[in-house]
Amino acid sequence: MFDISNISIEKISESKITQTDFDNLTFGRVFSDHMFVADYKDGEWTSPRIVPYQKLAISPANATLHYAQSIFEGLKAYKDQNGNALIFRPEANWARMNESAKRMCMPEIPEEIFMHGLEELIKLDKNWIPNQPGYSLYIRPFMFATDEYVGIRPSDTYKFIIFTCPVSKYYAKPVRVKVETKFTRAFAGGTGYAKAAGNYGAALYPARQAQNMGYDQLIWTDGLSHSKIEESGTMNVMFIINDTLITAPTDTGTILKGITRDSVLTLARDKGLKVEERSLTVEELYQALENGTLKEAFGTGTAATIANIELINLRDKDYTLPTPTDSYFSKQVYKTLDQIKTGQIPDKFDWIKTI
Ligand SMILES: Cc1ncc(COP(=O)(O)O)c(C=O)c1O
């Protein structure tokens with residue numbers, strides 16, 4: 001059985017931090033000194049350890065490479081004014097990881113391994129949390145099959161790893177999106193609600209086509225009728241039409257239950273904004289764009305934070321949205337979330353884990 005006191009720590013001989021240009025960070029390209037690793041075999045998690053960030057050796061017959069039993073998470077750590085490390089809603093990521101694990105026929109990760117591994121790793125690499133406003137330490141927990149076996153069945157062995165990256169913003173500027181009504185990201189009964197690696201691989205081709213046309217991202221519609229707005233590639237999407245915030249419901253099983261989505265909805269309700277979690281139809285969005293009742297559109301995600309949508313392509317027409325001012329909800333909620341994450345205002349929803 002896993003023993004929490006048994007976690008071994010092997011420190012890097014020389015930190016890479018002094019060679020890192022914190023003023024010019026590209027998202028996902030710079031990796032901190034250490035990583036947390038645990039192995040699953042014989043029906044249990046074993047050997048939790050922290051080691052220097054390093055390459056992995058795997059067999060060409062590694063089951064993940066062939067059959068995509070691979071899931072991941074994404075969360076962030078920030079620094080408060082006293083230099084404490086603050087992690088935003090890690091329990092929610094742990095719970096969602098286990099939802100993904102169940103769907104992909106993978107073992108669940110016990111809370112104490114996820115949380116203890118995370119805490120020890122952040123303690124050790126705390127200096128990698130950037131200080132600049134809008135910057136953070138992106139945390140990537142993931143799990144993948146490690147059986148050396150060709151044949152389709154769930155793997156008997158797995159690896160769970162957490163590594164971290166100091167990052168700036170994922171989207172440096174407001175995004176231009178295309179409403180996709182031909183290709184499909186997810187369908188009821190599929191894996192859309194899981195953070196399964198295969199979902200992202202399958203979305204690359206349609207997204208690349210949109211990028212070649214000058215758009216940053218797609219807004220996916222439902223796979224059956226392509227008549228309902230779902231989400232974007234790395235973020236949930238929200239619309240304010242007249243005075244109501246509308247976002248897709250998550251009970252369809254086709255949408256990732258975004259933790260930023262939940263946080264934004266909580267703050268919106270707290271502020272007294274009218275919120276509707278319901279399917280917005282493509283036709284409704286079209287009408288709102290045509291008659292000017294669409295006031296705001298933005299994406300929500302850990303990497304993307306609150307990403308303003310400046311342009312929507314729908315039915316082959318580009319609609320430019322007004323530039324948000326300080327009175328816009330998206331601006332206000334970005335600020336409030338940022339203040340909570342960096343400990344500048346009280347954490348009244350109990351979202352922060354202080355290390
Ligand atoms: C498909 C998809 N939707 C939504 C999100 C936003 O989720 P969260 O706010 O938990 O980062 C993400 C990012 O993780 C995503 O990959």
Side-chain angles (χ1 to χ4, degrees), residues 27-28 68 70-78 87-100 103-104 114 118 136-143 162 164-165 167 169-171 175 177 179-180 183-187 190-204 206-207 210 216-223 228-239 247-268 277 297-309 330 333-334 336-338 340-341 349 351-353:
F27 198 102
S70 174
I71 57 174
F72 65 99
E73 273 302 325
L75 63 161
K76 280 179 173 174
Y78 302 80
I87 310 180
F88 188 67
R89 304 191 70 178
E91 292 88 358
N93 290 92
W94 163 73
R96 189 172 66 187
M97 183 146 201
N98 282 342
E99 287 299 304
S100 302
R103 180 61 180 83
M104 295 305 291
F114 188 101
L118 178 62
S136 56
L137 189 72
Y138 184 76
I139 303 167
R140 170 53 60 88
F142 66 110
M143 189 202 299
I162 310 176
T164 68
C165 309
V167 296
K169 285 186 178 151
Y170 190 77
Y171 292 116
V175 291
V177 297
V179 177
E180 177 60 57
F183 292 104
T184 299
R185 174 189 175 273
F187 45 88
T191 58
Y193 71 91
K195 214 158 161 57
N199 288 344
Y200 296 82
L204 292 175
D216 301 303
Q217 267 291 346
L218 294 175
I219 290 185
W220 296 101
T221 51
D222 71 287
K228 297 175 204 154
I229 300 291
E230 295 219 312
E231 64 172 326
S232 192
T234 55
M235 49 192 197
N236 298 106
V237 283
M238 301 193 176
F239 302 91
T247 195
T250 54
D251 58 7
T252 53
T254 55
I255 289 171
L256 195 80
K257 284 186 192 163
I259 294 159
T260 319
R261 173 189 181 280
D262 181 74
S263 311
V264 169
L265 294 183
T266 302
L267 292 171
E277 289 181 69
F298 54 95
T300 66
T302 297
T305 63
I306 306 295
N308 273 300
I309 295 175
S330 58
V333 81
Y334 173 84
T336 307
L337 265 179
D338 189 60
I340 296 174
K341 289 169 175 176
F349 302 104
W351 284 338
I352 299 297
K353 182 160 195 73

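Every number for a ligand or one of its atoms is a count from 1 in the order of the listing. Counting begins at 1 with the first residue of the sequence.
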Novice: Where the side chain of Thr247 meets the backbone of Glu277, is there a donor-acceptor pair that is under 3.5 Å apart?
Specialist: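 Checked: no pair found.
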Novice: Report the residues that fulfil side chain to side chain contact (heavy atoms under 4.5 Å, CB included) with Tyr193, sequence neighbours left out, ordered by chain and then residue number.
Specialist: Arg103
Novice: Apply side chain to side chain donor-acceptor pair (under 3.5 Å) to Thr221 and list each qualifying residue two or more places apart in sequence or on a separate chain.
Specialist: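 Testing Thr221 for side chain to side chain donor-acceptor pair (under 3.5 Å), a comparison that skips the adjacent residues, returns His226.
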Novice: Please name all residues satisfying side chain to side chain donor-acceptor pair (under 3.5 Å) with Thr191, sequence neighbours left out, ordered by chain then number.
Specialist: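 With neighbours one apart ignored, the set is Asn199.
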Novice: Sort out the contact shell of ligand 1: every protein residue with a heavy-atom distance below 4.0 Å, listed by chain and number.
Specialist: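 Shell around ligand 1 (4.0 Å, heavy atoms): Arg96, Arg185, Lys195, Tyr200, Glu231, Ser232, Gly233, Thr234, Met235, Asn236, Leu256, Gly258, Ile259, Thr260, Thr300, Gly301, Thr302.
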Novice: So, does Ser232 use its side chain to make a donor-acceptor pair with the main chain of Leu218 at under 3.5 Å?
Specialist: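 Confirmed, Ser232 side chain pairs with Leu218 backbone.
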Novice: If we ignore hydrogens and angles and just use 3.5 Å, is the side chain of Glu231 paired with the main-chain N or O of Leu256 as donor and acceptor?
Specialist: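 Yes, Glu231 side chain to Leu256 backbone: donor-acceptor pair under 3.5 Å.
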